[in-house]
Asker: 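Can you read through this structure? Questions will come right after.
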Protein chains: 2
Amino acid sequence: MAAKQHRMTRQRRIILETVKGLKTHPTADEVFGLVRKKLPRISLGTVYRNLELLTEQGIIQKLDTAGQQKRFDGDISPHSHVKCVKCGKIDDLYFELPKPSAAWAGQTRFKILEYKVELLGICPDCQKKMEQN
Amino acid sequence: MAAKQHRMTRQRRIILETVKGLKTHPTADEVFGLVRKKLPRISLGTVYRNLELLTEQGIIQKLDTAGQQKRFDGDISPHSHVKCVKCGKIDDLYFELPKPSAAWAGQTRFKILEYKVELLGICPDCQKKMEQN
DNA sequence: CTATGTGCAAACTATTTGCCGTCTG
DNA sequence: CAGACGGCAAATAGTTTGCACATAG
């Protein structure tokens with residue numbers, strides 16, 4: 001039952017600093033690209049392993065907003081996200097969540113753990129692209 | 001600009017009937033398995049192509065609730081979903097969405113198209129499995 | 001010291017696509 | 001009978017993993 005001992009390796013520290021230092025919501029590949037500037041020999045596998053580990057530890061979060069690539073967020077304070085339906089980019093929204101209603105839970109035999117508001121939209125860049133047509 | 005002409009092939013019809021006939025939210029692979037009972041020679045590629053096409057036409061919907069496999073839903077009436085965090089299974093919830101607040105949109109330059117409530121939970125089967133430990 | 005972590009490459013999973021023969025409208 | 005479609009297999013994209021060596025504590 002003893003929690004596994006984790007070491008703060010150079011790779012792990014830099015991955016963490018990188019994700020925490022971003023205002024964006026990078027994919028594993030984007031993190032890889034940035035971290036490689038400081039550690040040219042790091043491997044993509046290491047990035048994946050560490051993003052996963054840091055997520056398990058609750059130090060960063062993995063966004064569950066589908067798409068083909070997963071995105072990560074260094075900001076673990078409670079907030080919601082809007083996702084661009086065109087390019088998948090994500091923006092933050094901070095607001096009080098509407099109260100969950102007991103009526104919701106009554107409809108399902110699932111045990112509800114948490115809920116959040118998911119928004120879909122179009123980011124400024126993609127809006128521009130659309131106007132140009 | 002002319003919309004492409006789509007044909008109702010046997011494959012497309014059976015895929016559609018299958019998805020519409022289910023109360024579940026099948027993955028492409030599950031649809032493939034079911035359809036193959038009626039059309040043993042159908043290919044997985046065809047299933048993917050048709051699920052995509054039917055989704056574009058708005059006849060079925062593709063669920064955006066992350067995970068590794070995408071799920072489809074023959075029910076296109078407005079409703080929300082709970083996803084099991086253990087096995088990815090999905091259940092339906094029908095309720096009035098809380099009104100979007102103007103304050104939300106003011107925080108982002110994204111143009112908001114739609115929003116929905118996403119719930120996470122544990123399905124009855126997984127609850128059982130957990131009790132057995 | 002020693003178990004955890006890394007780099008590398010291969011494996012895997014889900015999905016997409018090119019090609020060419022088939023079939024719908 | 002033309003163009004949309006399907007079967008097949010190969011290609012792709014994203015992520016995971018086995019292994020042997022490196023290194024944090």
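When reading the values below, keep in mind they use all heavy atoms of this one structure, side chains included, and skip hydrogens, waters and symmetry mates. All values derive from a computational prediction rather than experimental measurement. A note on names: the letters A, B, ... follow the listed sequences, proteins ahead of strands, and every chain is numbered from 1.
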Asker: What's the closest nucleotide to the side chain of B:Y48 if the choices are D:dT16, C:dG7, C:dT15?
Answerer: C:dT15
Asker: Counting the atoms with a prime plus P, OP1 and OP2 as sugar-phosphate, which does A:D29 contact under 4.0 Å by heavy atoms, base, sugar-phosphate, or nothing?
Answerer: nothing
Asker: Could you give the CD-to-P distance, from B:E30 to C:dT13, as a whole number of Å?
Answerer: 16 Å
Asker: Let me know which of B:D73, B:V19, B:N50 forms a side chain to side chain contact (heavy atoms under 4.5 Å, CB included) with B:I60.
Answerer: B:V19
Asker: Can you tell which of C:dG5, D:dG6, C:dG7 lies closest to the side chain of B:R49?
Answerer: D:dG6
Asker: Quickly work out the B:R71 CZ to C:dT15 C1' distance and round it to whole Å.
Answerer: 16 Å
Asker: Flag yes if more than 12 heavy atoms outside A:R13 fall under 6.0 Å of its CZ atom; otherwise flag no.
Answerer: yes
Asker: Is A:H6 near enough to C:dG5 that one of its side-chain N or O atoms lies under 4.0 angstrom from OP1 or OP2?
Answerer: yes
Asker: What nucleic acid atoms does A:I42 come within less than 4.0 Å of, heavy atoms only: base, sugar-phosphate, or nothing?
Answerer: sugar-phosphate
Asker: What integer distance in Å separates B:F32:CZ from D:dG6:C1'?
Answerer: 12 Å
Asker: For B:R36 and D:dG7, give me the distance from atom CZ to atom C1', rounded to whole Å.
Answerer: 13 Å
Asker: Can you find a side chain N or O atom of B:R12 that sits less than 4.0 Å from OP1 or OP2 on D:dC5?
Answerer: yes
Asker: Hey, which sits more toward the 5' end of DNA chain C by its nearest nucleotide, A:L53 or A:G45?
Answerer: A:L53
Asker: Look at the side-chain N and O atoms of B:T46 and state whether any lies under 4.0 Å from the OP1 or OP2 oxygen of D:dG7.
Answerer: yes
Asker: Expressed in angstrom and rounded to an integer, what is the separation of A:Q68 atom CD from C:dC12 atom C1'?
Answerer: 18 Å
Asker: So, does B:T9 get its side chain near the phosphate of D:dG6, meaning an N or O under 4.0 Å from OP1 or OP2?
Answerer: yes
Asker: So, under a plain 3.5 Å distance rule, would you say the side chain of B:R7 forms a donor-acceptor pair with the base of D:dG3?
Answerer: yes
Asker: Toward the 5' end of DNA chain D, which comes first, A:R10 or B:N50, by nearest nucleotide?
Answerer: B:N50
Asker: Can you tell me if A:Q69 touches the phosphate of D:dG14, counting only side-chain N or O atoms and a distance under 4.0 Å to OP1 or OP2?
Answerer: yes
Asker: In whole angstrom, give the distance that lies between atom CG of B:L51 and atom P of D:dG6.
Answerer: 12 Å
Asker: How far does CG of A:L34 sit from CD1 of A:I15, to the nearest 0.5 angstrom?
Answerer: 11.0 Å
Asker: Judged by atom type as modelled, is there a donor-acceptor pair below 3.5 Å linking the side chain of B:K20 to the main-chain atoms of B:G74?
Answerer: yes
Asker: Round to a whole Å and report the spacing from CD of A:E52 to P of C:dT4.
Answerer: 18 Å
Asker: Atom CG of A:L54 and atom CZ of A:F72: how far apart are they, to the nearest 0.5 Å?
Answerer: 9.5 Å
Asker: Looking only at side-chain atoms of A:Q11, point me to the closest of D:dG25, D:dC8, C:dT6.
Answerer: C:dT6
Asker: If you check the A:K70 side chain, which of C:dT15, C:dT6, D:dT16 turns out closest?
Answerer: D:dT16
Asker: Parallel, tilted or perpendicular for B:H81 and B:H25, by the 30°/60° rule?
Answerer: perpendicular
Asker: Report the nucleotide, chosen from C:dT2, D:dA4, D:dG14, that has the shortest atom-to-atom distance to any side-chain atom of B:Q5.
Answerer: D:dA4
Asker: B:I14 CD1 to D:dG6 P: how many Å, rounded?
Answerer: 11 Å
